[in-house]
Amino acid sequence: MARPNLRCKFQSGKQNLMKQYNPKLIEGKWQKLWAKQGIYAARDKGKKKFVLIEFPYPSGEGLHMGHLRPYVAGDVYSRFQRMKGFETMYPMGWDAFGLPAENYALKKGVHPSVSTKLNIKNAKRQVQSWGVGFDWSREINTTDPEYYKWTQWIFLQFYKAGLAYEAAGLINWCPQDKTGLANEEVIDGKCERCGTVVEKKELRQWYLKITAYAEKLLEGLKNLPEWPDQVKLQQENWIGKSEGAEIDFPLFVIPAAEPESSPPQADGSRRPKSGMTNFLILHGYTGSAGRNFIPWLKTELEKQGYKVQTPELPNSDDPKESEQVDYILKKCSIDENTIIVGHSLGCIVAMKALQKYGKSVKGLILLDAAVDPAFSGATPRPFHKNFSWNFDYERLKKYAPARTILSDLKEGEPRVGYLKTLSKKLDAQLITGRSTENHFTAEREPLVLEILTPPSIPPHQGEGRGEGIKIFTTRVDTLPGATFIVIAPEHPLIQNFASRISNFSEVSKYIEEAKKKTDIVRSARDKEKTGVELKGVKVVNPVNGEKLPIWVADYALMDFGTGALFGDAHDERDQAFAKKYKIPLKVTLKPANGRDDSKIRNLEEVFIDDGVLYNSGEFDGLSSEEARKVITKWLVDKKSGRATVSYKLRDWVFSRQRYWGEPIPIIHCPACGIVPVPEKDLPVRLPNVKKYEPTGTGESPLAAIDKWVKVKCPNCKGPAKRETNTMPQWAGSSWYYLRYTDPKNKNELADDELMKHWLPVDVYFGGTEHTTLHLLYSRFWNLFLHDQGIVPVSEPYTKRVPHGIILAEDGEKMSKSRGNVVNPDEIVNIYGADTLRMYELFLGPHGQTVSWHSRGIIGVRRFLEKVWRLASIKESSTSRIQSDKLESIIHKTIKKVTDDIENFRFNTAVSALMILANEMEGKQVSKNDITRLLKLLAPFAPHMAEDLWRELGNKVSIHLAQWPEHDPALAKDEFVNVAVQINGRVRDTVRIAVAASEAEARNFAEASSQVQKHLVGKQVGKFIYIPGKIINFVVK
RNA sequence: GCCCGGGUGGUGUAAUGGUAAACACGCUGGCUUGAGGUGCCAGUGGGGGAAACCCUGUGGAGGUUCAAGUCCUCUCCCGGGCACCA
C-alpha cells in the first residue's frame, strides 16, 4: 500500500484540501460560538457532575501557569464527563476581597473596587482564550453585595450558635500588612501573604470557634475515601489530636509558719516565727480597722497561721499624710517578709510609708487606690489637700518586689483609668474583679483573700481542695517518674500566687524577657532551654505524694494543653532541662526487649519509647501501654485526673484591620453590648471611600468613617457603633461552591432542592497550599451549615485532586523578581491555546511539581499539525482496506484515554493520542477513524477538534457529541510478542497467540535458534509460562 | 526530631512483579527541497564488537522470587508538611 504523497496533494491546487493549521484563525471563532450558544451552561436536571476548581483572586498581574494547570485539568475532565452523558457543571467566579487585591490597589493608587473590576475583565479574557469551558451563567463574585450578604448571613448563624465570639488576646500581627492573622496564615513564623516576620499584638478580635469542630473535622476525613491520603494526613496533623490525661497536681505552699526544714511545735500549733510572711493592712479615709472586710480578712489570715497587723490610723476623718505615715513606722513592725496591703487612701499611706521605711519588704498590694486629684475626671475630696501624689516609683519597685493592684470594675472611669496608669508606673500586676459591694466595702471579700493567700493544699494524695496545677500529658505511664513541673511564663498561677513566691522578682524578670522574644526565637530548635524555679511553692505528684519543684520555662507553651507539663527522664527536652539546672531525674522505664539499659539508667541515653515500668511503686512491671490505662483509671478513681484530648488547632482569628473585606455585621451598643445586625438589614455594605490605607493601630480604616460607624442600636434605638473590622480573605471562599448551585437567589444562600441536586462537589481540583487553609475552613463552614440544617451534605467535596506547582525553566518558582515568569498569553500567541493546553498536561503527572521547558512544546504542536493533516485527507476516506491492526489500536486508545482521564493521568492520555496519530499516519484512514480520533482529542484540544469535526459536516458541537466506546474484544491482541528468557535473561521474542497452551508456547520458544544456543548442554529444571507475558526456562 | 512524597537516558518522563526507557524534546546520519524550514526514514543508557551478538544498567547495600524500577530490611540524597505539641 503506497503512502499518499502529501506534498502532491498540497500542490494539486485543490482548494481547502490542505489549509495550513493556524490556531489564530480557528480558536477565537469557536470560543465566540460556544459562548453564544451557551454549550457549557449546566441544566439543573439529569445525571450530574459538579466539577470545581479553586476560583482565583483577580490579581493585577493576570492569571499565570499556576492557574492554567488546574483549569485545563478540570476542563478536560468536565468536557469528558459531558460527552459521557453527564449534565456537567464547571463554574467559575472571583474571590476578589482580601489583602492581595487591596495591596495591589494601594500600589497603583486605584480604588480596589475599580482595579478589581479591571483585573476580573482581564482574567476572564485569559481563561476564555485558553478555551476553558466554564459555565459563565453561574459566575459569582465575592465582592458583590448580593453575594457577601450571604457571607454575612452565615457569620450571623455562627454568632447565634455561639461559635463567633469576640475576645481580647495576643494574636499574630503582620506589621507589613498591618492586620491580624489566623494561625493558618502564619507559615514558618511569617505572613503567608508578604513573608514579613509576624509579631504578637494584644488586640480585640473576632474568632470563629473552629475548635468546637476539631473532632468532626477529623472524623469527617474518614468518610472521604477519594481524597489523597497526603491531604487527609496534613489536615489531621494540623488538627493535631493527642489523647492523654489531664492530671491535677495539688499545690503545696510551703507553710510560712513552718519552713520545711523546721519541725512542728510540740503542741502542734503553728506559732508565728520570724521568716514567715506577715501582713500589714491599712484602712482608708473615714475607715477603721474594725470596719468592712478588714476584721474578716484578719481572722481568715490568722486561721492560716499568718501574723496580721491592722492598725487604727489616727484622724481617719481628716487624715494627714505625715501623721499617718509616722504612726505606722513607729507603731507597726515591718520586716522583709511583710506584705503591705492598702485599701483606698490606705494605699497612698502604704506607698508613702514604704518610701520612708527605705528597706525591702515582701510585697505591696493596693486595693482600689484613691485617685490622684490631678488625674482627669477625678472629683476633689477633702483629704486631697493633705496628701501629695508624688511617688518615687523606682524606689517603690526596688523595695517591693511583688506589686499587685486590685481594681473594681464597678468603679467609674477615672478610678479605673488611674489604676491602669499607676500599675504601669509601678510595673504592677493589675487584677480587675468585682467585689460583692462597691469599692471593697463588703463584710467579706473573697477575692482579696484569694489574692493575699493563694490556697494552701495539704500534701495528701488527692485530698486537696481540687485546686492546683492541671497538667496534660500523653505519657501517663511516665507519671511516677515525674521529678519537676514546668509551667509557661504566661501561666496564671504565677500571678495568682505572687505573694507566695519568695523569688518573685527573679521570676518576673524571666517572664518579661520571655515576652520580648518572638515566636521564632522562642521556638528555635537548638536554643538552650532556660527557666527559673518558683521558690516557696511545690506541687504534689498524685500517684506517689512526692513534692515536686515548679519551674517556669518558655519551652512550656501556654497555647498547648494546659500550659504546664511534668518533667521526667523519658523525654529529651525534660532531661536536657533537668541536667542544665541539676534537677534530679528518676528513670522509671526500661526497654521491653531486654536490651542493656545501663546507659538509660545512667542517663547517658534518653529512652523515650514505650517500655516496662519500674521504680514506679504499685505500677511496676506494667508495659507503657497498660500503664497508661491503669494509671489513668487510678487517677479517675482518686478524682485526681481524667482522660482528655488535646488539639493543636486554634480558634480562627476572624477579623482583619483592613478595608477591602466583608464588614462584620455586628453593632456595639453601650447599653445592650454586642448586637447582631438584623438579617433584614443585610448586607452591611462596604462604604465607598477615598482613603482606605491600613492604619496600623489595630483599628480598621472603617473606624474613621463616622457616617458609616454611627448607627442606631437595633435593640434599644440608642446611639451605637458598627463593628469596623472586616472578614479575612477566606470568608467568601468558604461557601462559594454552594452559591454556584443557585447563584442568583435573592432569598436564601441557595435553594434547598438545587443544593440537594448538585451537592456534593464530585471533583475538586486545587493546590496543596490550601490544605490547611481554604480546604479546612470550607469543610468547617459546610459541617456547621449542615448541622444547622441549611446544607444537605456534611462533606462538601467527594474527591480532591491536588496538582503540583509549575516551576520556571530554571527549576525555581516563577516570580517577577527572578524574571523567569512564563506568560501563558505569550504561549497562546505563538503556538495556540490547544498546544499550550496539551503541552502543559504532557509535562508530567498532574500531581507532580514540574518545570516548564519551552523546548519541548514544539512536539505537541507537531502532533496537532499531524492530526490536522490526517483529518484533511478526504478522498482516501471513502474506501479503506480494513486494517485489523489499526482498528485494534483505536480501541486500545479509547480504553487508555478513557481510563487515564478518569484517573487524572493526563500526560499518558496525551501520549496515547500521539501513538494513535503516529499509527494512522501513512495508513488509509476512514472518516469513522478520524471521527473517533477527534472525539478523543476534543477534551484536550477543543478548538481543533471542533474545527475538524465541523469540516466533516457535523452541525452540532463535538463537545456535545457522545464519547466513543471501546470494544473489549478488539482492544485486546490475539497475537503478541512474548519474551523468552533463560534464567531470567531475555534471549529472544516469539510471536504467539495469547491463547496458546503451555506446550505450544514451549514448542515455539524451543524452535528459536537463539534459545537453542543457550539451552545447549543445560538441564531445564523449571518452565515458566505466563500467557501473553513471559516464557522462562530455568536451567542448570 | 516526627510524618508524608520522590530519586529511572543529555532533558521532561513511561512501565497490573513479566522484553526498562513507551511518548516527546534534543542530538547524529539520510531522504525530500533551489535554499531555509516543515515533513519523512534510521539511530541514540553505558561498555565491548566489523557484525551477529555479549556484558552491564532504574541513588547505595542486602534480601524475597523462576523473574524486582516495582515487594521487604537498612542506608544516602532531594522535595513537602508539622515542629520545644508535653
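What you see is a predicted model, and the numbers here were worked out from it, not measured in a lab. Letters A, B, ... are given to chains in the order of the sequence lines, protein chains preceding strands, and every chain is numbered from 1.
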Paired with B/U33 by Watson-Crick or G-U wobble geometry, both distances under 3.5 Å: which nucleotide is it? none

Side-chain N,O (A/T768) to OP1/OP2 (B/G80) below 4.0 Å: no

Among the nucleotides B/C82, B/A14, B/A86, whichever has the atom closest to the side chain of A/K648 is B/C82

Under 4.0 Å from OP1 or OP2 of B/C54: is there any side-chain N or O of A/R985 that close? no

What orientation do A/W652 and A/Y777 show, parallel under 30°, tilted 30 to 60°, or perpendicular over 60°? parallel

A/T989 near the nucleic acid: base, sugar-phosphate alone, or nothing, with a heavy-atom cut-off under 4.0 Å? base

State yes or no: are the ring centers of A/H846 and A/F906 separated by less than 6.0 Å? yes

Pairing donors with acceptors under 3.5 angstrom, does anything connect the side chains of A/N918 and A/K866? yes

The side chain of A/H1014 lies closest to which of these nucleotides: B/C54, B/A15, B/C84? B/C54

I want to verify a distance call: between B/G18, B/C23, B/C66, whose nearest atom is closest to the A/I1026 side chain? B/G18

Could you check whether A/D559 gets within reach of a base, just the sugar-phosphate, or nothing at all, counting any heavy atom under 4.0 Å? nothing

Would A/W852 and A/Y839 count as a close aromatic pair, with their ring centres under 6.0 Å? yes

Using a 4.0 Å heavy-atom cut-off across all strands, classify A/N977 as base, sugar-phosphate, or nothing. base

A/R837 to A/F940 six-membered ring, cation-pi geometry met (6.0 Å, 45°): no

According to the Watson-Crick and G-U wobble definitions, with both distances under 3.5 Å, which nucleotide is paired to B/C82? B/G1

Ring-face cation of A/K529 near A/Y555 (centre distance under 6.0 Å, axis angle within 45°): yes

What nucleic acid atoms does A/F577 come within less than 4.0 Å of, heavy atoms only: base, sugar-phosphate, or nothing? nothing

Tell me if the side-chain of A/N237 makes a donor-acceptor pair with the base of B/C82, cut-off 3.5 Å, by modelled atom types. no

Phosphate oxygens OP1/OP2 of B/G39: is one of them under 4.0 Å from a side-chain N or O of A/R869? no

Atom-to-atom span, CD of A/Q234 to P of B/G80 - whole angstrom: 12 Å

Write down the distance separating the P atoms in B/G12 and B/A67, rounded off to the nearest Å. 33 Å

Gap between atoms CG and P, on A/N183 and B/G81 respectively (whole Å): 16 Å

Per A/Q1010 side chain, nearest of listed nucleotides B/A14, B/C54, B/A24: B/C54

Have a look at A/I471 and say if it touches a base, only the backbone sugar-phosphate, or nothing, with a 4.0 Å heavy-atom cut-off. nothing

Minimum-distance nucleotide (side-chain atoms of A/H853 versus B/A14, B/A83, B/U11): B/U11

To the nearest angstrom, how far is A/Q981 atom CD from B/A20 atom C1'? 12 Å

If you measure only the distance, is there a donor-acceptor pair under 3.5 Å linking the side chains of A/S997 and A/E1000? yes

Quick test of your reading of the model: are A/K895 and A/D900 salt-bridged, counting only N-O distances below 4.0 Å? no

Are OP1 or OP2 of B/A24 and a side-chain N or O of A/N918 less than 4.0 angstrom apart? yes

Could you tell me the Watson-Crick or G-U partner of B/G9, where both distances fall under 3.5 Å? Say none if there is no partner. none

In whole angstroms, how far is the C1' atom of B/C82 from the CG atom of A/L649? 14 Å

Just to confirm, is there a sub-4.0 Å distance from OP1 or OP2 of B/C66 to any side-chain nitrogen or oxygen of A/K1022? yes

Syn-anti status, with the boundary at 90° from 0, for the nucleotide B/G9: syn

A/I858 side chain: which of B/A14, B/C84, B/C25 is closest? B/C25

With respect to the phosphate group of B/G26, does any side-chain polar atom (N or O) of A/R862 fall under 4.0 Å of OP1 or OP2? yes

Whom does B/C66 pair with, Watson-Crick or G-U wobble, provided both distances fall under 3.5 Å? B/G18

P spacing across the pair B/U70 / B/G62, given as an integer number of angstrom: 14 Å

Here the distance between atom C1' of B/U13 and atom CG of A/N907, to the nearest Å, is 8 Å

Per A/L233 side chain, nearest of listed nucleotides B/A83, B/C23, B/C3: B/C3

Can you tell me if the side-chain N/O atoms of A/R987 get under 4.0 Å from OP1 or OP2 in B/C53? no

Expressed as a whole number of angstroms, how long is the span from A/I992:CD1 to B/G18:C1'? 13 Å

Taking only the side-chain heavy atoms of A/V986 (C-beta and beyond), determine which of B/C84, B/U56, B/A20 contains the nearest atom. B/A20

For A/R861, answer base if it contacts any base atom (sugar-phosphate contacts may also be present), sugar-phosphate if it contacts only those atoms, and nothing otherwise; contact means non-hydrogen atoms under 4.0 Å. nothing

Could you state the CG-P distance from A/N22 to B/U38, rounded to the nearest angstrom? 18 Å

When we call it a touch if two heavy atoms are under 4.0 Å apart, what does A/I1024 touch: a base, just sugar-phosphate, or nothing? base

Without decimals, in angstroms, what is the distance between A/K866 NZ and B/A24 C1'? 10 Å

Cut-off 3.5 Å, side chains only: do A/T530 and A/Y510 have a donor facing an acceptor? yes

Under 4.0 Å from OP1 or OP2 of B/A24: is there any side-chain N or O of A/R855 that close? no

Contact class for A/D571 vs. all strands (heavy atom < 4.0 Å): base, sugar-phosphate, or nothing? nothing

Within the 4.0 Å heavy-atom criterion, would you say A/H570 contacts the bases, only the backbone, or no part of the nucleic acid? nothing

Closest approach to the side chain of A/I1030, judged atom by atom: which nucleotide of B/U13, B/A86, B/G18 is it? B/G18

Complementary nucleotide of B/G43, counting Watson-Crick and G-U pairs under 3.5 Å: B/C27

Describe the nucleic acid contact of A/V850 in one word from base, sugar-phosphate, nothing, applying a heavy-atom distance below 4.0 Å. sugar-phosphate

Closest to the A/L557 side chain: B/G5, B/U13, B/C84? B/C84

